[in-house]
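One structure is given here, and the rest of the page talks about it.
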Amino acid sequence: MSQASDSTLATLRGTLRARLGDKGVVTAPDDLAPHLREWRGRGVGHTPFMALPETTQDLAFVVAQCAAAGVPMTTQGGNTGLVGGQIPQGEVLVSLKRLNRIRAVDVAGDAITVEAGVVLTTLHEAAAAHDRHFPLSLASQGSATIGGLISTNAGGVHVLRYGMMRDLVLGIEAVLPDGAVLHGLKALRKDNTGYDLKHLLIGGEGTLGVVTAATLRLFPRPRGHVVAMAALDSAEQAIDLLQTVRAETGALAAFEIMNSVSVAFATALPGVRAPFTAPWLALMEFESASETGLRDLVETTLGAAIAAGLATDAVVAQSVQAAQDFWKLRESIPAGHRAVGAPQTSHDTSTPVSAIPAFLKAADALVERLSPGARCVAFGHAGDGNIHYTAIAASAEAPFPAAAISAAIHDLAASFGGSISAEHGIGVFRRDELPRFKDPAALAMMRAVKQAIDPRGLMNPRAMLAHAAAPQDMGVSAP
């Protein structure tokens, strides 16, 4: 894959503008700027122009023309990715924001078909309008788009009950690297006719094609909804409490934990409060088909858990606002520790749920050895083993070997049978580490699939499995 000449890019730009119109091809620096900045400030990209197709057919035209010209593409949804794969470094940027229609709702079949640029909150509202529930929920749901969530196999806070995005997708429509359209928008729960090709695109980070639409699973809207928070002395208590409330209620939808360091950083932000001061907090959300009895069941279960020594205190939200305040605490943690003026490195690891306490204890000791006095933020999805772990230097001047800490944390997760990327993906930031942790046979299969479907490496060429001739990642730094 060679760099395209200015004349080739100019011809391509003119061809695409003739098809897409002036709104479909963007070159003005001020209009491009928001799409070229990694949203946490970890780098700035560049592109000759941005294409914004409005239909699947338009996107197929864009991809076919780029392929004919040998011009690489980077695809972007809401620009909320956490591993840098959505920021172009010289490729044509393809934004899917104009592909934003709700195509169909099948209430009886509990399915909805939406285009890739639909924002997650819009999907939630569309489902609710039909008395249905789409369960994926995460902090960036006001800007994250369905195509990006599928391409990264997003997780969020309800994986414990509903699974990852992969578990919520019934069918996919996508444009392949040569411009061909894969028509796979089936709403079937069972289709045993060979390879399930949609799973190559779910979690594929745009390296094998561009998702344009998807048919997704819906669920009956829960009538009963209870949010609670518990104070804990240890991570071991958290895992014991998790097992207890899950077994005793049968209604647990989310179970998040936060250590005291993460809570302190979050509550330093305006309007963020915590109901307890404790080494650990557990945030729990329960759902049921009926409002009747759920609150009493949760309160009884938590009371018994406290009596059994599984928690030191607990509170059940008595209003919608109180429940929102509990979730605000959890969702403010990333902003809280990013505001700290000291070097830091973050991780998206997972381990078996039972290994979380041992992993956290070992991780804290490891960070203290490599950077004495460093502060360790640990929070996240204890119900599915995904803990977001950030090490922050003791001060702006303190020694902080970020690369060594990250490598050691990843080695530690792997030693527990875990993963270096639980839900954020590989992208650019984790790409060079992937060969250290991926089974060689699996890595060879991934490369063979990439070579078969995109032999010239034109689709997101720097993400996950970098093409040998991909542009360099200048300007974008790893976390």
Side-chain angles (χ1 to χ4, degrees), residues 16 19-21 23-26 35 50-68 71-81 85-86 88 91-106 111-120 122-123 126 134 136 143-154 165-166 168-188 191 195-217 425 453-454 458-461 463:
L16 298 185
R19 170 70 179 250
L20 305 179
K23 291 184 178 180
V25 177
V26 174
H35 298 272
M50 178 171 66
L52 292 99
E54 197 171 7
T55 67
T56 297
Q57 293 71 31
D58 284 346
L59 177 60
F61 181 82
V62 170
V63 173
Q65 293 299 314
C66 287
V71 173
M73 297 152 274
T74 287
T75 309
Q76 187 178 100
N79 194 18
T80 59
Q86 77 277 20
E91 308 90 29
V92 167
L93 180 60
V94 180
S95 171
L96 302 183
K97 284 195 170 184
R98 296 175 76 193
L99 277 160
N100 57 8
R101 299 165 188 83
I102 306 288
R103 292 191 185 175
V105 181
D106 179 0
I112 185 169
T113 300
V114 303
E115 293 183 340
V118 169
V119 173
L120 181 54
T122 303
L123 172 56
F134 184 73
L136 186 74
S143 53
T145 60
I146 300 307
L149 295 169
I150 290 172
S151 294
T152 56
N153 187 29
M165 192 66 171
R166 188 180 299 279
L168 302 174
V169 177
L170 296 172
I172 276 181
E173 175 189 88
V175 175
L176 302 179
D178 62 354
V181 178
L182 175 67
H183 298 284
L185 286 178
K186 294 183 177 181
L188 300 176
D191 180 9
Y195 301 132
D196 194 344
L197 298 176
K198 68 177 179 288
H199 287 295
L200 289 175
L201 297 162
I202 304 170
E205 300 186 28
T207 61
L208 302 177
V210 183
V211 174
T212 54
T215 300
L216 306 170
R217 296 179 64 193
I453 297 176
D454 183 25
L458 297 180
M459 307 297 286
N460 277 24

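What's counted below: heavy atoms across the whole structure, side chains too, no hydrogens, waters or symmetry copies.
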So [Y] and [X], do their side chains get closer than 4.5 Å, heavy atoms only?
X	Y	answer
M459	V210	yes
V181	Q57	no
L20	L52	no
I112	I102	yes
I453	L200	yes

Separation between [atom1] of [X] and [atom2] of [Y], rounded to the nearest 0.5 Å:
X	Y	atom1	atom2	answer
L216	I146	CG	CD1	6.0 Å
L136	I150	CG	CD1	10.0 Å
H35	M50	NE2	CE	3.5 Å
N460	E205	CG	CD	8.0 Å
L201	T207	CG	OG1	8.5 Å
E115	L123	CD	CG	13.0 Å

Closest approach of [X] to [Y] (non-hydrogen atoms, all atoms of both residues):
X	Y	result
P461	E91	CG-CG, 3.9 Å
P53	V94	CD-CG1, 4.2 Å
R98	R101	O-NH1, 3.6 Å
V118	T122	CG1-CB, 4.1 Å

Counterpart residues, side-chain contact (heavy atoms from CB on, under 4.5 Å), relative to [X] (two or more places apart):
X	result
T145	V119
A116	L96
L188	K186, D191

With sequence neighbours excluded, tell me which residues meet salt bridge (Lys or Arg N to Asp or Glu O under 4.0 Å) with R19.
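D58.
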How would you list, by chain and number, every residue that makes a salt bridge (Lys or Arg N to Asp or Glu O under 4.0 Å) with R217, sequence neighbours excluded?
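Per chain and number, R217 pairs via salt bridge (Lys or Arg N to Asp or Glu O under 4.0 Å) with no residue.
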Could you tell me whether the side chain of Q65 and the main chain of L16 form a donor-acceptor pair under 3.5 Å?
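Between the backbone of L16 and the side chain of Q65 there is no qualifying donor-acceptor contact (under 3.5 Å).
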Main-chain N/O of N153 paired with R166 side-chain donor or acceptor, under 3.5 Å
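No: the side chain of R166 does not pair with the backbone of N153.
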Please set out all donor-acceptor pairs under 3.5 angstrom arising from side-chain atoms of residues 169-180, sequence neighbours excluded.
| from | atom 1 | to | atom 2 | distance (Å) |
| --- | --- | --- | --- | --- |
| E173 | OE1 | T56 | OG1 | 2.5 |
| E173 | OE1 | R103 | NH2 | 3.1 |
| E173 | OE1 | T212 | OG1 | 2.7 |
| E173 | OE2 | R103 | NH1 | 3.2 |
| D178 | OD1 | A180 | N | 2.9 |

With sequence neighbours left out, what residues match T80 under side chain to side chain donor-acceptor pair (under 3.5 Å)?
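T80: no side chain to side chain donor-acceptor pair (under 3.5 Å) contacts found.
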Taking only residues two or more places apart in sequence or in another chain, which ones pass side chain to side chain donor-acceptor pair (under 3.5 Å) with N79?
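So N79 forms a side chain to side chain donor-acceptor pair (under 3.5 Å) with Q86.
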